[in-house]
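All ligand and atom numbering here is 1-based and tracks the order in the structure. Just the heavy atoms: all of them, side chains too, but no hydrogens, waters or symmetry mates, feed the values below.
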Amino acid sequence: MRALAREWHVAGETIGLVPTMGALHAGHMSLVAVARAETSRVVVSIFVNPLQFGAGEDFERYPRPVESDLAMLREARVDAVYMPDQATLYPPDLSTRVQVGGPTETLEGVQRPGHFEGVATVVTKLFWATHADRAYFGQKDAQQVAVVKRLAADLDSGVEVRGCPTIRDADGLAVSSRNAYLSPAERAAALSLSGSLRTAAKMYAAGERDAGRLRARIQEVLAAEPLVRIDYADLVDPSTFRPPGTLAVLAVRIGKTRLIDNHDVSKPFLADRNS
Ligand code: AMP
């Protein structure tokens with residue numbers, strides 16, 4: 001991968017990296033499309049990163065449909081797919097971890113100890129392996145975007161990190177590889193996530209600026225759905241991931257599935273960006 005990336009740079013190409021864990025969907029492909037438009041060589045990495053899964057999370061059952069992933073990437077005419085195996089990225093004597101402060105200290109960082117350290121470590125390795133000029137991440141994982149931007153700046157990586165809009169199904173549900181775990185009843189319940197964000201954006205548009213009242217209304221919409229258990233629902237600043245701010249961030253559990261979503265309530269909620 002590094003040799004290929006060097007050749008490209010010598011030839012004056014710019015390299016865009018789209019890191020993924022596979023099980024590709026319209027969200028991932030939207031990142032590929034932005035990368036395609038902004039850089040001359042697009043690399044998609046596929047690696048289900050054990051370091052970013054906690055004990056008891058879904059590492060083992062995470063979907064790995066490699067053949068259909070490769071078919072989608074061939075169709076999108078990406079220039080390279082980087083699929084390192086676990087032993088290549090994490091040999092037994094691996095002794096380094098990348099730890100980011102700041103935006104890792106709240107919400108997902110608190111609820112999933114070690115998660116962002118796993119993300120930061122793999123992303124650093126992927127940046128170096130691919131010699132990326134730009135890297136594309138989905139706003140769906142807004143805290144991850146904040147963490148990776150912090151990491152890229154703090155370590156003088158020279159990589160420009162781009163956060164790209166969340167792709168949603170027509171009914172508002174944010175597209176996610178984990179949606180495949182949901183039963184039809186659970187999927188119906190999951191609409192309360194986007195529903196609560198839409199409600200909060202409408203309240204904001206109607207003049208509501210009190211974070212407490214916006215948060216209470218979001219929690220009310222989620223709580224009205226008996227299958228949903230709230231991990232957190234808060235309004236934060238998109239860089240620090242602490243209040244005050246207008247980014248509404250949610251994590252819920254529905255059955256055995258954990259889902260996250262977010263929206264800047266100062267902007268209209270558009271469910272149909274991908275249609
Ligand atoms: P994952 O394979 O789940 O690790 O996701 C790989 C990248 O795709 C991350 O940057 C995600 O934020 C992004 N992504 C996942 N779902 C969506 C979505 N619905 N819209 C936009 N980007 C997404």
For Tyr232, what residues pass the ring-ring contact (aromatic ring centres under 6.0 Å, His included) criterion, not counting sequence neighbours?
none
Between the main-chain N or O of Val122 and the side-chain N or O of Thr124, is there a donor-acceptor pair closer than 3.5 Å?
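The answer is no, because no donor-acceptor pair under 3.5 Å joins these two groups.
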Whether the side chain of Ser192 engages the backbone of Leu222 through a donor-acceptor N/O pair (distance < 3.5 Å, no angle test) should be reported.
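No, Ser192 side chain to Leu222 backbone: no donor-acceptor pair under 3.5 Å.
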How are the rings of His131 and His9 set relative to one another: parallel (under 30°), tilted (30 to 60°) or perpendicular (over 60°)?
tilted
In this structure, are over 12 heavy atoms from other groups packed under 6.0 Å from Arg61 atom CZ?
yes
Can you tell me which residue among Arg217, Arg215, Arg213 is in a salt bridge (Lys or Arg N to Asp or Glu O under 4.0 Å) with Glu208?
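Looking at Arg217, Arg215, Arg213, the match for Glu208 under the salt bridge (Lys or Arg N to Asp or Glu O under 4.0 Å) is Arg213.
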Inventory of protein N or O atoms under 3.5 Å from ligand 1 N or O:
from: ligand 1; atom 1: 2 (O); to: Met21; atom 2: N; distance (Å): 2.9
from: ligand 1; atom 1: 2 (O); to: His28; atom 2: NE2; distance (Å): 2.9
from: ligand 1; atom 1: 5 (O); to: His28; atom 2: NE2; distance (Å): 3.4
from: ligand 1; atom 1: 10 (O); to: Gly138; atom 2: N; distance (Å): 2.9
from: ligand 1; atom 1: 12 (O); to: Gly138; atom 2: N; distance (Å): 3.2
from: ligand 1; atom 1: 12 (O); to: Gly138; atom 2: O; distance (Å): 3.1
from: ligand 1; atom 1: 12 (O); to: Asp141; atom 2: OD2; distance (Å): 2.6
from: ligand 1; atom 1: 16 (N); to: Val175; atom 2: O; distance (Å): 3.4
from: ligand 1; atom 1: 19 (N); to: Ile167; atom 2: O; distance (Å): 2.9
from: ligand 1; atom 1: 19 (N); to: Val175; atom 2: O; distance (Å): 2.8
from: ligand 1; atom 1: 20 (N); to: Ile167; atom 2: N; distance (Å): 2.8

